[in-house]
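To start, the structure itself, in structure tokens.
Every chain is numbered from 1 and lettered A, B, ... according to where its sequence line falls, protein lines coming before strand lines. Hydrogens, waters and symmetry mates are skipped; everything else that's a heavy atom, side chains included, is used.
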There are 2 protein chains.
Amino acid sequence: MRPEETRAKILDATDHLFGGLGFDATTTRDIAERSGVNKALIHYHFGSKDELLSALLDGYYDRLSATLIEALQRSAEPERQAGDVIDAYADFLARNRTFCSVVQREVASGRHVEAIVARTLPFFRLGSTWLREIAPHAPPELELTQVLTSVYGMVVTWFTYGRVIERLTGEDPFSPEALEARRRHVRHVVALLFREIHGGATPKERGKTWQRSTRRTPRKKSGS
Amino acid sequence: MRPEETRAKILDATDHLFGGLGFDATTTRDIAERSGVNKALIHYHFGSKDELLSALLDGYYDRLSATLIEALQRSAEPERQAGDVIDAYADFLARNRTFCSVVQREVASGRHVEAIVARTLPFFRLGSTWLREIAPHAPPELELTQVLTSVYGMVVTWFTYGRVIERLTGEDPFSPEALEARRRHVRHVVALLFREIHGGATPKERGKTWQRSTRRTPRKKSGS
DNA sequence: AGGAGGTTTAGGCGCTCGCCCAAATCAGGG
DNA sequence: CCCTGATTTGGGCGAGCGCCTAAACCTCCT
């Protein structure tokens, strides 16, 4: 068997097991058994269990990058670009369900944050410059980081909490219909935001946002 | 030392370690050392490592329940109720940062989903009846599950990805100012949704939501 | 004072983990 | 053909895991 073939089989099994059980609960013996490969080969080809995770993440982010860039270039109109990217991202997560699990868990564990940050940074920069171009003067409550986090969270949560949503609602959140419904909802919310950010909200509408009842909102505004 | 005191010390250490390292990467010896008790006491008081996690979750959800119910009862007006609950939830997560980590990781691992679901169900039911009361005829793209998932996701993502956001933006996402900014953003988005759901959106506005460019939207509408 | 039951202790059992090693196997060039 | 280097194999080492046991220890009650 060619070495690349062995690597691919190991990575496939790793994807499945890390996604299902998690990094810690998966043993290299599990991976070896599932990929039909001797357990020493994992260390021969990848060095260590940590480096195996890195290789897995690289694969994910390379494919994600290609997918999102393709979606972004499909159109030149910002509104449509946003919709296309959201759809592409949701589709990608639906097709790579373990991706979410792996990332979410490693972020929560705090141990592989640097590995995630290094690979997320390009996407964040891309999103930032894109947003700043189409909305140079967004109001503070629609700041760049806030909007990016919200859109990211709305998309990702559906997949991370898929199994929980399934048990809560009694319906399959990963069926084509459910996925389309989710995409439509997120696009709808983003459309609302977009209208405020890009088209510029009417100031009177913007002013009467909820004021919290029991706490004063600090006036301090951080520089830059 | 009184038994309850021992239990409390064990739970404190468990909270810190499960939140920081995760369930798998934390050993009962770690917990014993950090809480200053003999390692056999953990099994004496809690039975097993899994039951220790359950006890920890029970503590979280009991306190969360009290917090949210108090926030909900602070007012009778739906808009203000929503804002209060969001603020209370965000505050709770800020004060119990490990809660997010533990839940998120266990959900992602898929092994303790039932434990989470059982404790989440009451909140979901409460949110459902509340939403159905104030918005009996929400349009499909603002369906109950969709809205709940989005609001939940927007709040939780900030804390789950806190360390990532910190590295991406260079600012502390858990500072009082940053937390208030986040709360204000989420309340703002929810206000937009609320206006559409509750006040009833103008149909023409609702109609011109983005249509995705490359995919037809299935017409099928699931019953009930 | 002395017994009883709840709590704490040191020690360790049986097992699995990531990783390593020396030998076997394979493929291709001289 | 055989030599060479890359790849694969079975076996196992040392460490650490969750959990258990038997004895010691406390704290009341009678």
*Euclidean distance, atom CG of residue Asn38(B) to atom P of dC19(D) [Å, nearest integer]*: 15 Å

*asked:* Output the rounded distance in Å from CG (Leu53(B)) to P (dG18(D)).
replied: 13 Å

*asked:* Rounding to an integer number of Å, can you tell me how far Phe46(B) CZ sits from dC20(D) P?
replied: 16 Å

_Interatomic distance, Glu4(B) CD vs dT8(C) P [rounded to whole Å]_ = 11 Å

*Using modelled atom types only, decide if a donor and an acceptor are shared between the side chain of Ser75(A) and the backbone of Arg80(A) within a distance under 3.5 Å.*
no

_Return the CG to CZ distance between Asp87(A) and Arg187(A), rounded to the nearest 0.5 Å._
4.0 Å

*Roughly how many Å is it from CG in Leu41(B) to P in dA23(D), rounded to a whole number?*
19 Å

Under 3.5 Å, N/O pairs linking protein and nucleotides 19-23 of chain C:
unit_1, atom_1, unit_2, atom_2, d
dC19(C), OP2, His43(A), NE2, 3.0
dC19(C), OP2, Lys49(A), N, 3.0

*Distance from Ile69(A) atom CD1 to Leu126(A) atom CG, nearest 0.5 Å?*
7.0 Å

*Starting from P on dC20(D), measure out to CD on Glu51(B) and report it in whole angstrom.*
10 Å

*How are the rings of Phe92(B) and Phe99(B) set relative to one another: parallel (under 30°), tilted (30 to 60°) or perpendicular (over 60°)?*
perpendicular

*May I ask you to decide if the ring planes of Phe23(A) and His112(A) are parallel, tilted or perpendicular, using 30° and 60° as cut-offs?*
perpendicular

_Atom-pair distance (OH on Tyr44(B); P on dA23(D)), nearest Å_ = 18 Å

_Can you give me the closest heavy-atom contact between Arg182(A) and Met154(A), atom names plus distance?_
NH2-O, 2.8 Å

*Looking only at side-chain N and O atoms, does Thr6(B) come under 4.0 Å of OP1 or OP2 in dT8(C)?*
yes

_When you measure from the side-chain N and O atoms of His45(B) to the phosphate of dG6(C), is any distance below 4.0 Å, counting only OP1 and OP2?_
no

*Separation of atom CD1 in Ile42(B) from atom C1' in dT7(C), rounded to whole Å*: 15 Å

